[in-house]
Amino acid sequence: MVTYNVISLGAKSDGQTDSTKAFLAAWAKACGSTAASTIYVPPGRYLLHNVVFQGQCRNNDITIRFDGTLGSIRLSQMFHVVINGCHNVKVQGMRVSASGNSPNTDGIHVQSSSDVTILNARIGTGDDCVSVGHGISIGSLGKESVDNPIVIDQNYCRDNKNCPGKASGVKISDVTYQDIHGTSVTKVVVKIDCSQKYPCSGIKFEDVKLIYKNQPAEASCRNADVSASGFVQPNSCLRL
């Protein structure tokens, strides 16, 4: 295992110096290596511009270990972390925090990727905590209360223009929501609204507890095979 320490490559942990080049240099070395590699971020606060870790890489075993905190030079609009066109990615123990009124700031966005696992994350943002493509999202569960914490919506039509009634061409299957807890400001806390042409299958809930203003909440499912195991609340449309 080869380790590339961002401080050794010029990063500063003072929270004031732009460390973007050092992080990109560490990625270039790890990506170009044929040996299993770790990019290590020691304790401290690091200030960054937009950083893109891009392949193709010679290396298929890269670990990025954060013991420090990343700060953005500018407000992270749209997404904090994007996983795009990747395979076999594991994100564990990540903490993402943004102002609750920040515009459209998703925590982690996944698209055109496979075998992505997100574990033990604590995310509080102005929009989705985790979004997959354009239609699967987990709301801002790190906040005190949010709208629609869990959503799969294949009938989404922005501003109801050009797309009402059109069938989604995407098939969604084998999605598991596990160990999710939070509070919603809307009574329907789980909304699974899938395409009639391509119904969702293999949607699983394990140990999920979502409440609505300390009252019983509701789940809504359409064109979907949804099952539950362990303690799941609400479970009104789930197959137990």
Using side-chain hydrogen bond (donor to acceptor under 3.5 Å, both in side chains) as the criterion, list what pairs up with [X], not counting sequence neighbours.
| X | result |
| --- | --- |
| Ser112 | none |
| Asn84 | Gln111 |
| Asp225 | Arg239 |
| Asn5 | none |

query: Is there any disulfide (SG to SG under 2.5 Å) pair reaching into residues 36-65, and which pairs are they, with sequence neighbours excluded?
result: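 Matches after skipping sequence neighbours: Cys31-Cys57.
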- prompt: Mind checking whether Tyr4 and Ile7 sit in one hydrophobic cluster, side chains of I, L, V, M, F, W, Y counted as touching below 4.5 Å?
  reply: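 Different clusters.
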Heavy atoms only: give me the nearest [X]-[Y] pair and the separation to one decimal.
| X | Y | answer |
| --- | --- | --- |
| Val91 | Ile108 | CG1-CD1, 4.3 Å |
| Thr186 | Val189 | O-CG1, 3.6 Å |
| Val41 | Val6 | CA-CG2, 4.0 Å |
| Ser113 | Gly85 | OG-N, 3.2 Å |
| Ser220 | Cys237 | C-SG, 3.6 Å |
| Gln154 | Lys171 | NE2-N, 4.4 Å |

task: Any chance you could lay out the side chain to side chain contact (heavy atoms under 4.5 Å, CB included) test for Ile152 and Tyr177, step after step, and finish with the verdict?
output: CA-CA 11 Å; Ile152 297 179; Tyr177 294 98; 3.3 Å; yes
message: Can you list everything that forms a side-chain contact (heavy atoms from CB on, under 4.5 Å) with Ala36? Sequence neighbours excluded, please.
response: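 side-chain contact (heavy atoms from CB on, under 4.5 Å) list for Ala36, sorted by chain: Met1, Asp61.
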- request: Using the test side-chain contact (heavy atoms from CB on, under 4.5 Å), find all partners of Gln196 that sit at least two apart in sequence or belong to another chain.
  value: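 Counting only residues at least two positions away or on another chain, Gln196 forms a side-chain contact (heavy atoms from CB on, under 4.5 Å) with Asn223.
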query: For Cys86, what residues pass the disulfide bond (SG atoms under 2.5 Å apart) criterion, not counting sequence neighbours?
result: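 With neighbours one apart ignored, the set is empty.
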- request: Please name all residues satisfying ring-ring contact (aromatic ring centres under 6.0 Å, His included) with Phe53, sequence neighbours left out, ordered by chain then number.
  value: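 Phe53 satisfies ring-ring contact (aromatic ring centres under 6.0 Å, His included) with Trp27 once adjacent residues are dropped.
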- request: For residues 32-49, pull every pair meeting side chain to side chain donor-acceptor pair (under 3.5 Å), keeping only residues two or more places apart or in separate chains.
  value: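 Listed once each, the pairs are Ser37-Asn59, Tyr40-Asp67.
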- request: Apply salt bridge (charged side-chain N to carboxylate O under 4.0 Å, His left out) to Lys191 and list each qualifying residue two or more places apart in sequence or on a separate chain.
  value: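 Counting only residues at least two positions away or on another chain, Lys191 forms a salt bridge (charged side-chain N to carboxylate O under 4.0 Å, His left out) with Asp153.
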field: Listed once per pair and sorted, the salt bridge (Lys or Arg N to Asp or Glu O under 4.0 Å) pairs that draw on residues 208-224, sequence neighbours left out
entry: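 Listed by first then second residue: Lys187-Glu218, Asp193-Arg222.
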